Each structure stands twice: as C-alpha cells, then as structure tokens.
S.K.: 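Below is one structure. I have some questions about it.
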Amino acid sequence: MLQVNVLRQKTEWVKERLAVKNFKQPELVDEIIALDDERKRLQAEFDATQAKINASSKQIGKLMATGNKEEAEQLKADVTNWKASLEPIKKRAAETEKKLEDTLVLLPNLPSEKVPKGVSAEDNEVVRTTEKPTLNGNVLPHWELTKKYKLIDFDLGTKITGSGFPVYTGKGAKLQRTLIQYFLDYNTAAGYKEIIPPFLVNEDSAFATGQLPDKEGQMYFVNEDKFYLIPTSEVPLTNIYRDTILKVEELPVKMTAYSPCFRREAGSYGKDVRGLNRLHQFEKVEIVQVVEADKSYAALEEMLNHVERLLQSLKLPYRILRLCGGDMSFTSALTYDFEVYSAAQERWLEVSSVSNFESYQSNRLKCRYKDESGKNQLVHTLNGSSLALPRIMAALLENNQTENGINLPEVLWKYFGDEVID
RNA sequence: GGUGAGGUGGAUGAGUGGCUGAAAUCAGUAGUUUGCUAAACUGCCGUACGGGUAACUCUGUACCGAGGGUUCGAAUCCCUCCCUCACCGCCA
C-alpha cells in the first residue's frame, strides 16, 4: 500500500498518477490525509494523558513504599479519572486507524512515468515483436494435438476434479517436467536461488503481497484452516521477507521457484479457456527480486532481458507489451507482458508478466533495509514468470507441428531425451 | 488428535506486580592500546507512531507470540487463540 507521507507531500502528483490507472476516487487521497491528521491529533492527546498516568502510577508506588497511604489514595483517584477520560480517545483512535487502513488499501499502486495511458488491453504498447510465423497445410490447435499424441486428457481431469484441471499423460507429463527443469536451471544459472515454498498461505501473507483484499474471489480458500491456495509462488516467495530488516549487503535477493498455481477464474468462458489457454490449476516457474529502492528499474530491465532470452532459446515468436494504466494489476507500478504467438489459434498468449511493485508490497510486508546512513528504508519488490507452462506448451506444440510429429527446440533435447514427440 | 513443557531484543538466556524497553553472555559495530594477527579495554548496538530541532542531540507513547481481562501500576496474575518442543496415536 502507499505511504501516507507520499500522499501528503505530493498530493497533486499522486492524483495525476492515479488518474493514469483510471482510478475514479481521487478524493480518497484527501480523506486519507484528513484521517491521518485526526489519528495524529488523537495520539498526541492519548500520549499526553498516558504519560501523566504512568508518572503518577510510579509516584503511587513510591508513596506506598514510604507508607504515605493517604496521598497514594488521592493519586489513585486521579489516575482512575484520567483513565476514564482516556477511554473515548482510545475508541476514536482505534476507529480512525481502522478507517485509515481500510481507505488506504483502496488505493492502487501509482503507475510509473513510463506507463501509457489507456483503459484496456487495446491500449497496451508493443515494445518489441518478432515476426508471426505462418503454418501451411492442415494445422491443428493444441487441444487436438494433445489428443492426437496422447499428451493431455482434459476430460479425465474434468472427471477427477472439474474443468480446468488437465491430466498430463506420458510424453505430455514428461514435456511439462522437462520445461520446469529447464526453466529452473536457466534461472539458477542467472543467480536466482531455488526455493520450494508452501503452496498454501495464511491470510497475512495473502494480504502482504496484495492478493487481499483486492483479489479475494480469485483464490481457492480452505475454510477449515483459513488457508489460501497460492495463485502464484510470488506470494510465498515474497512473504519470506515479511517483517524483516535486511542489511544492504544482502541485497539484491534473487529467488526462483516452481509451483502449481490455483485460480478460480470465475466468469471466464469461451475460446479463452479452451484447452490450455486458461486453467484453474497450472504450473509456473517464477522469479522474484528484492532490491534497494533506487535499483528496482535496473532490476526490472534485467528481468525483462532474462525472460526474453529464455523465450528466444525456445525459438518461439513473441512480443513484449508495456501495459497501460487500465490493464495493469492493482499492485504494480510498471508491468511488461510477454506473449507468444500461437500459430494454429492465430492469437497471442500471455506467458509472462514482469512487474516492479516499488514499495507497494514492501510497505505491507514491512520489509526494509538499512541504508548507508543507518536509516530503515522500504525495499522494492519485483517478480516475473519465467515462465508459465501451459501456454508455452500450447505454442510449442502448435508452432512446431509437422505431419510426422512435433519438433522440440534444441535446448530441450537433453532434458527430454528426444527431439520429436510422435 | 491426546498429554506435558514452553514462547523475552540478531542468538543464547535472567527476570520477586512498581527501581525492567528489559540483566548477563555471544555475535555485530566504532574507537583506544599493540610491530602485524590475536588479545585486552571503552562506547554504541530493537521497532513503530508522535512532539521539538537547522542538524547531531533531546523528548512522549506503544510493543517481552496474538488478542482480551484484573490492577493506581503487568514481561510478571487470569482467560481465549496461535505457534514451538517432548512423548503417545495416526501416517507419505
């Protein structure tokens, strides 16, 4: 969440930035500042009275020790009165603080200066794009190919669980494992530390990375234990650093993890969800960085190049989008999406989203580092997919299909143990 | 799931209801001494939100797992919850 001090110091600028994200209630900024004023006023009042109470209580102790009972009793009465007068202040302070918090979490992160204006995916800016390949002959979409080569059984998944929970079989399962292995190796070679996190998280964690309260309906929830199934390993990975103060030499933190991801995707339908295009359970390899505040945009650039080279190594056609204000996530300051071209479906499929959250997450995480002057500063957090599996698999199958089988890119041969799926 | 023991600052670990935001030790850090290393000695060494200041300094409040309660006063007493450890049960 945003820092009240920033709202206070750069009020007009904050409102301009919020407008880029199509945020419709700029008046909340003023409300928050007013609530914060009220909070300060109440706290000052509370502190002053509490100080009197503390001092008098000590005094009572001394009076008792010297046997000065009468004076002690008199003071006790005073303290009791002060305490009573404290009650309404306490109550109002708690209410104000709650209201402040509740309002503050309604504000999305501020988009960086690079973010284009816009309201929907149409307005995203294409940063780079490779050429779209054209396939000749009788090309099949991946949901036909997975049937033909017995790689994935969607109906079986529906029987066991429901739609959106595919069953990978035989070489389909192996290809999936191959990709995970390759992605993890690629990430660790670039200095990302491999992690296997929990796949369920508690409410504090879901709040700290911004899934709550914004995306509550998107996550599966285990009511018995109050756990959320992770929608991405970003959540447990970033929460490793919740409530921590790092030394500057510990930065940057670079982590990678494979995990299944669970998303309810309520309201999705049609060809968007056909085959592997959108699932309730999918696999993803994620990268996360925790960095010093003034280094986060360099880190974002580095992550962008990292993911781009990975896609190039898979020989997939791709494009990079800079998301416009309206299409960005609530918590992001700048997001680049990677899309691969799916030649049989003739459409772009999102396979990675790389974002800088600046201090929006770390302010909730309370993750700070000591700078040179010994002051605690909020870190900046970033994450990206490297990469999401299902759509990569869809594009690999579709783009590389031939009459005699599917040709895998060379980087996967040693992992898969074969060059072709037939 | 059952029974028992616990949860104190970066770590270890004291703490009789007022003199404890918290002993001591270790780690860390700055300095003194020293031919180097080491050792010794000295200082510093939690976080958040406020007030005051040009700034260093100063100052108020809160926090000893979390939340309530008793009390003039709670790390210390009571209740609830969470977590850790040990043993038992169950089990990949």
Side-chain angles (χ1 to χ4, degrees), chain A residues 1-9 32-105 196 198-208 212 221-228 236 239-251 253 260 359 361-379:
Chain A
M1 76 199 146
L2 298 173
Q3 294 168 266
V4 179
N5 275 347
V6 174
L7 305 190
R8 200 181 273 287
Q9 284 156 16
I32 288 166
I33 295 171
L35 283 167
D36 193 49
D37 287 339
E38 176 72 356
R39 180 190 64 80
K40 282 190 193 178
R41 196 184 63 72
L42 289 167
Q43 198 198 323
E45 205 178 332
F46 178 91
D47 284 357
T49 310
Q50 187 61 252
K52 271 200 296 191
I53 292 173
N54 289 347
S56 301
S57 294
K58 279 187 186 173
Q59 186 63 24
I60 291 169
K62 280 180 193 148
L63 291 171
M64 301 283 265
T66 56
N68 204 333
K69 267 209 153 169
E70 251 177 62
E71 228 177 302
E73 287 305 321
Q74 180 55 47
L75 258 185
K76 273 194 197 180
D78 287 346
V79 170
T80 306
N81 283 336
W82 291 331
K83 257 191 93 175
S85 75
L86 219 46
E87 283 309 311
I89 300 172
K90 226 161 130 182
K91 200 173 154 220
R92 261 189 296 155
E95 284 164 5
T96 306
E97 215 153 310
K98 174 86 166 60
K99 184 116 192 274
L100 176 61
E101 168 97 341
D102 288 350
T103 313
L104 200 53
V105 298
I196 300 178
F199 300 152
L200 281 76
V201 296
N202 60 29
E203 195 181 334
D204 286 347
S205 293
F207 176 79
L212 293 179
F221 183 59
V222 181
N223 194 47
E224 189 82 8
D225 300 290
K226 310 288 180 217
F227 292 150
Y228 292 88
N239 270 284
I240 290 175
Y241 290 93
R242 174 151 51 85
D243 290 324
T244 55
I245 299 176
L246 294 156
K247 293 185 189 128
V248 74
E249 359 14 310
E250 295 176 87
L251 299 172
V253 171
S359 59
Q361 289 183 329
S362 60
N363 193 30
R364 288 196 191 181
L365 288 162
K366 297 198 176 60
C367 178
R368 292 147 294 171
Y369 68 99
K370 278 201 192 302
D371 66 15
E372 293 77 12
S373 65
K375 275 185 116 176
N376 290 334
Q377 304 274 359
L378 291 171
V379 298

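Each chain gets a letter, A, B and so on, in the order its sequence line appears, and its residues count up from 1. Just the heavy atoms: all of them, side chains too, but no hydrogens, waters or symmetry mates, feed the values below. Because the structure is predicted, anything quoted here is derived from the model rather than measured.
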S.K.: A/Asn376 side chain N/O closer than 4.0 Å to the phosphate oxygens (OP1, OP2) of B/rG46?
M.R.: no
S.K.: Can you find a side-chain donor-acceptor pair between A/Asn202 and A/Ser205 that sits under 3.5 Å?
M.R.: yes
S.K.: Just how far, in rounded Å, is C1' of B/rG67 from NZ of A/Lys90?
M.R.: 13 Å
S.K.: Whole-Å distance between B/rG50 P and A/Leu42 CG?
M.R.: 13 Å
S.K.: Are A/Arg39 and B/rG50 close enough that a side-chain N or O sits under 4.0 Å from OP1 or OP2?
M.R.: yes
S.K.: Just name whichever nucleotide pairs with B/rC19, Watson-Crick or G-U, keeping both distances under 3.5 Å, else none.
M.R.: none
S.K.: Identify, between A/Ala48 and A/Gln59, the residue whose nearest nucleotide on RNA chain B lies closer to the 5' end.
M.R.: A/Gln59
S.K.: Whole-Å distance between B/rG46 C1' and A/Ile245 CD1?
M.R.: 8 Å
S.K.: From CG of A/Leu365 over to C1' of B/rA48, roughly how many Å is that when rounded to an integer?
M.R.: 16 Å
S.K.: In whole Å, what separates the C1' atom of B/rU33 from that of B/rA39?
M.R.: 11 Å
S.K.: Can A/Lys83 and A/Glu87 be counted as an ion pair, charged N to O under 4.0 angstrom?
M.R.: no
S.K.: Go ahead and name the base partner of B/rC56; Watson-Crick or wobble counts if both distances stay under 3.5 Å, otherwise write none.
M.R.: none
S.K.: Round to a whole Å and report the spacing from CD of A/Glu250 to P of B/rG28.
M.R.: 15 Å
S.K.: So A/Glu73 and A/Lys76, side chain to side chain contact (heavy atoms under 4.5 Å, CB included) or not? Walk me through it.
M.R.: CA-CA 5 Å; A/Glu73 287 305 321; A/Lys76 273 194 197 180; 3.6 Å; yes
S.K.: Specify the separation, in whole Å, of atom CG of A/Asn202 and atom P of B/rA66.
M.R.: 16 Å
S.K.: Please determine, for the side chain of A/Lys58, which listed nucleotide (B/rC19, B/rG50, B/rC72) has the closest atom?
M.R.: B/rC19
S.K.: Show your working on salt bridge (charged side-chain N to carboxylate O under 4.0 Å, His left out) between A/Asp36 and A/Arg39 and close with a plain yes or no.
M.R.: CA-CA 5 Å; A/Asp36 193 49; A/Arg39 180 190 64 80; 2.8 Å; yes
S.K.: How many Å lie between CG on A/Asp47 and P on B/rG60, as a whole number?
M.R.: 11 Å
S.K.: Please determine if a side-chain N or O atom of A/Arg41 lies less than 4.0 Å away from the OP1 or OP2 oxygen of B/rG50.
M.R.: no
S.K.: Distance check, P atoms only: B/rA75 and B/rA62, in whole angstrom units.
M.R.: 9 Å
S.K.: So which nucleotide does B/rC83 pair with, by the Watson-Crick or G-U wobble rule with both distances under 3.5 Å?
M.R.: B/rG6
S.K.: Counting the atoms with a prime plus P, OP1 and OP2 as sugar-phosphate, which does A/Ile53 contact under 4.0 Å by heavy atoms, base, sugar-phosphate, or nothing?
M.R.: nothing
S.K.: Roughly, in whole Å, what's the span from CG in A/Leu378 to C1' in B/rA48?
M.R.: 12 Å
S.K.: Taking any heavy-atom pair under 4.0 Å as a contact, classify A/Gln50: base, sugar-phosphate, or nothing.
M.R.: sugar-phosphate
S.K.: Counting heavy atoms from C-beta on, name the nucleotide in B/rU47, B/rG50, B/rC72 closest to the side chain of A/Arg368.
M.R.: B/rU47
S.K.: Looking at B/rG1, which nucleotide sits across from it as a Watson-Crick or G-U wobble partner, both distances under 3.5 angstrom, or is there none?
M.R.: B/rC88
S.K.: Taking the minimum atom-to-atom distance to the side chain of A/Met64, which one of B/rU47, B/rU61, B/rG18 wins?
M.R.: B/rG18
S.K.: Which one is paired to B/rA40, where only Watson-Crick or G-U wobble pairs with both distances under 3.5 angstrom count?
M.R.: B/rU32
S.K.: On a whole-Å scale, what distance lies between the C1' atoms belonging to B/rC41 and B/rA5?
M.R.: 42 Å
S.K.: Using atom P of each nucleotide, how far apart are B/rG31 and B/rU37 to the nearest Å?
M.R.: 14 Å
S.K.: Report the base-pairing partner of B/rC77 (Watson-Crick or G-U wobble, both distances below 3.5 angstrom), or none.
M.R.: B/rG69
S.K.: Would you measure the distance from the P atom in B/rU80 across to the matching atom in B/rU3 and give it in whole Å?
M.R.: 13 Å
S.K.: Pairing check on B/rU47: which nucleotide meets the Watson-Crick or G-U wobble criteria with it, both distances under 3.5 Å?
M.R.: B/rA62
S.K.: Is the shortest side-chain N to carboxylate O distance from A/Lys40 to A/Asp47 below 4.0 Å?
M.R.: no
S.K.: What does B/rU25 pair with, Watson-Crick or G-U, if both distances are under 3.5 Å?
M.R.: B/rA11
S.K.: Could you work out which one of B/rG60, B/rG18, B/rU47 sits closest to the side chain of A/Ala51?
M.R.: B/rG60
S.K.: Is A/Lys52 atom NZ crowded by more than 12 heavy atoms from other residues, nucleotides or ligands, each under 6.0 Å away?
M.R.: yes
S.K.: How far does the C1' atom of B/rA11 sit from the matching atom of B/rG73, given to the nearest Å?
M.R.: 32 Å
S.K.: If we take the P atom in both B/rA27 and B/rA38, what is their distance in whole Å?
M.R.: 13 Å
S.K.: If you count heavy atoms of other groups shown closer than 6.0 angstrom to CD of A/Glu250, is the number above 12?
M.R.: yes
S.K.: Are A/Arg41 and A/Glu38 ion-paired here, with the side-chain N under 4.0 Å from a carboxylate O?
M.R.: yes
S.K.: Does A/Lys52 reach a base, just sugar-phosphate, or nothing at all? Heavy atoms under 4.0 Å.
M.R.: nothing
S.K.: In whole angstrom, give me the gap between the C1' atoms of B/rG69 and B/rU76.
M.R.: 15 Å
S.K.: Would you say B/rG60 has OP1 or OP2 under 4.0 Å from some side-chain N or O of A/Asn54?
M.R.: no
S.K.: Any base atoms under 4.0 Å from A/Ile60, or only sugar-phosphate, or nothing? Heavy atoms, all strands.
M.R.: base
S.K.: Tell me whether the OP1 or OP2 atom of B/rU47 has a side-chain N or O from A/Lys375 closer than 4.0 Å.
M.R.: no
S.K.: More 5' along RNA chain B: A/Val79 or A/Lys247, using each one's nearest nucleotide?
M.R.: A/Lys247
